[in-house]
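Some notes on the structure that comes next.
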Amino acid sequence: MIHFWTAAHGKALQAHLPPIMRRIGSPKHLCHSLSPHVPIRYVPPPGDVVLAMGKDALKVLQVDGIAPKGRTVSSLRERLFQAHPGEGHYLLSHEPGVSDFDPALGVEVEWDVMLSHRFDTTGSLLPKMGIYRWVQCFAETIQWVKDRFAETGKPAPLAFDCETLGLSPFIAGGKILSVGFTRVAGQGDAVFVKDIATGEQASLILQQLTWLLSTPMVRLRGANAKFDLLWLKVAWKISCTNLSFDTLLAGSLLNENRSNSLETHTKVYVSELGGYDAEFNRTTDKSRMDLVSKEKLLPYMGGDTDATYRVAEKMIPELLAQPVLLNFYTKVLLPASHTFMAMEEEGILVDQEAYALLKSDLEKEIASLEAAALDLLPYRIKAKYSDNLKLTRPAIMRDYFFSPLGLNLKPIILTGGGKDGQGKQEPSTAKSHLEMFAHVPEAERICAILAELNIARKALSTYVIGFLKHLRADGKFHGTFSLHAGRVFDDEDDDGGTATGRLACTAPALQTIPKHNKWAKRIRACLIAPPGYLLVADDYEQGELKLVACFAEETAMLAAYAQGVDLHSKTAAGIAGVDVAVFLTWVDSQPDVFDSFRKRGKISNFGLVYGMSAEGFQAFAWQQSRLRLSLQEAEEQRNAFFATYPGLLAWYKAKVAQVKRDGFVQSPLGRRRHLPQIYSPLSNVRNAAERQAINAEPQSTLSDMLVLAVTAARLTIPHYTPVATIHDQSIAVVKEDHALDVAKKMTDLMASLPFEKDFGWKPQLVFTADAEIGQTLGTMKKMKFAA
């Protein structure tokens, strides 16, 4: 019997545990209350298992010496504990209601219940493994494919995986260690590369792999297939043309709120095999996979292909039952996976000399700014901290800003106080707190220096030193692009994409390169075209704002765009209290006033379009453009914005009502953002879900539009070779004599995507695009094309 031991009561238990129990066959179970004030252990009867749920239960087990101290629930999950021989066992999990604020943890709770059921019914935590073999070649698999095709006339489903040394084929020393297939659930055949004894055998295996990955007799299945297929392309020159299903991509469409690793998918969809990799993961240094014996590797390798096959068997019907998601998968994600794999293979060239000069200049700038800031410190502070006079020392900033030794300002944010909140609180020295005093005359100079210093430090640490760690031997960055949402490797450091589905890039994080600060052009100038080529960059012109106008059916915004009126100027006119036609005359008559108000209009459009509060907008304006507004000015500017675009408020209300009804929002292309947090009993969690309900649709749609355009351009525009996307901009390398023509074709393509034909969406506006051309990303020139 399973015993649930938790401090949760009533509604939390009824809302979360019974549905899980029904899914696994309603085994016998009991619920026991844990009072956090009475730390008495619940002793399980012999043969039974107690699922101890939450920090309170863990604390009791730690006090009794059953669970190790200094550990968290997350770190002790999936492990058995027993106090004394003859007693029952304990497993640990999160509180039953954890999914109310974190759906990903809710998935973990569900698995922990399933694991308890496994132990209760079998007496073991071990999964039911399949039959896996090392083979000398794939002749048997090929013959099976041919026989199956001859018998059915349909392509045969075949799951594929490979194990590698390293996470990138572009890192020196990386290599493929094994390749395997599953053709029937519960089985798996793999080749151990070290066992390949002759060139003749190697040649045969390469021929067999080429056939298996290209024949129309196969519907290939993978789990994060882009990773494996890129390795095969780079290391062994094998291209795949028959990939039909990727559990990572499909899983992230079905539920973007969980980890979408194969490990998690197996637990969710094939519970009897769930945990097949647990022992391997616990006992293996994956940075040295080349040292793993073939005996130890086989159940992991075979488990991967077996799990991929079986997860796909369960996931495909789920996707087929949702035609809109299926259409998005087949029209957007699957084709894009090939395009972005090609982008990763191509990479973007780096000007290493420019990087070296940038590094030197940043170091000089940082030293100069630090010296300037230290010069502002009074003698008494310098004397007090003479042993270690550095700006990075919080005590120095605290004394300078908030003590009589310095400016003696009144802090706005206090930190500290200890766990019980009764200790001494001190002024925060966080950057965001110190920036709040930039309008105070005596603090203005130090705040300006610190702001420049923070930008320079970030540029040096992240975009120079950090990026150059990912420079490969060919002189390029080969970033990894995430088309999915949810983690891939069940690693806390791997965010694996965004919940909205917006493109993300790692190693390096190209998507985050700054656009507008002092060092942005210098950083971008380090990314270059090869000799004889130019970079062509394309992005949608005010794409996100146009999408909001369409989704909200905001008549003033739609009219402005339809009439060719600059939306930033229209917003600025509302702030200035004049008609937009009058405001536009200020370009000549009052250029400084025009520029000042248009800046405020632009920051309003990007800051307020999703309903930001006046307080939030005040901070946003300062952080994004150093626009200093009083709270009253921020409130007035916010009011002017919604007076200009009243339809937005109605859209917010309708969107929140819709997500409360459906539990998700869906873009016109078909991507869904599931928001179960909208039903949370916690108001802050519900409020966050409401904000996500409003902004997810435009943000994901714009990203997906860019993905569609890049994928189509790669297939239809000659000489177009995409190499990266940065923010919402595509970057391609093109031969010099074709650059202008390609740029024009790309903007035309972006403005004419088949929305109505492929997705049944007829937007009210045309999404026009801008094009830039240059030798480096920091020296791009905007192109103007005739209509």
State whether a side-chain donor-acceptor pair under 3.5 Å links Lys296 with Thr283. yes
Measure the spacing between CD1 of Ile523 and CZ of Phe467 and express it to the nearest 0.5 Å. 8.0 Å
Are there more than 12 heavy atoms of other residues, nucleotides or ligands under 6.0 Å from atom NZ of Lys458? no
Distance-only side-chain donor-acceptor flag, Gln511 / Thr725, under 3.5 Å: yes
What distance do Leu167 atom CG and Lys286 atom NZ have between them, rounded to the nearest 0.5 Å? 9.5 Å
Using a 3.5 Å distance criterion without hydrogens, assess whether the side chain of Arg221 forms a donor-acceptor pair with backbone atoms of Tyr309. yes
So is Lys146 actually on top of Trp211's ring, under 6.0 Å and inside 45° of the axis? yes
Checking Gln322 against Arg672: is there a side-chain donor and acceptor pair closer than 3.5 Å? yes
Ion pair check, Lys476 and Glu346, cut-off under 4.0 Å: yes
Closer than 4.0 angstrom, basic N to acidic O: yes or no for Arg310 and Glu272? yes
Can a donor-acceptor pair be found between the side chains of Ser75 and Arg71 at a distance below 3.5 Å? yes
Please work out whether the ring planes of Phe181 and Phe160 are parallel, tilted or perpendicular, with thresholds of 30° and 60°. tilted
For Ala225, is there any backbone N or O sitting under 3.5 Å from a side-chain donor or acceptor partner on Asp246? yes
Check whether the side chains of Thr512 and Tyr463 place a donor and an acceptor atom closer than 3.5 Å, and report yes or no. yes
Between Glu78 and Lys267, is there a side-chain N and carboxylate O pair less than 4.0 Å apart? yes
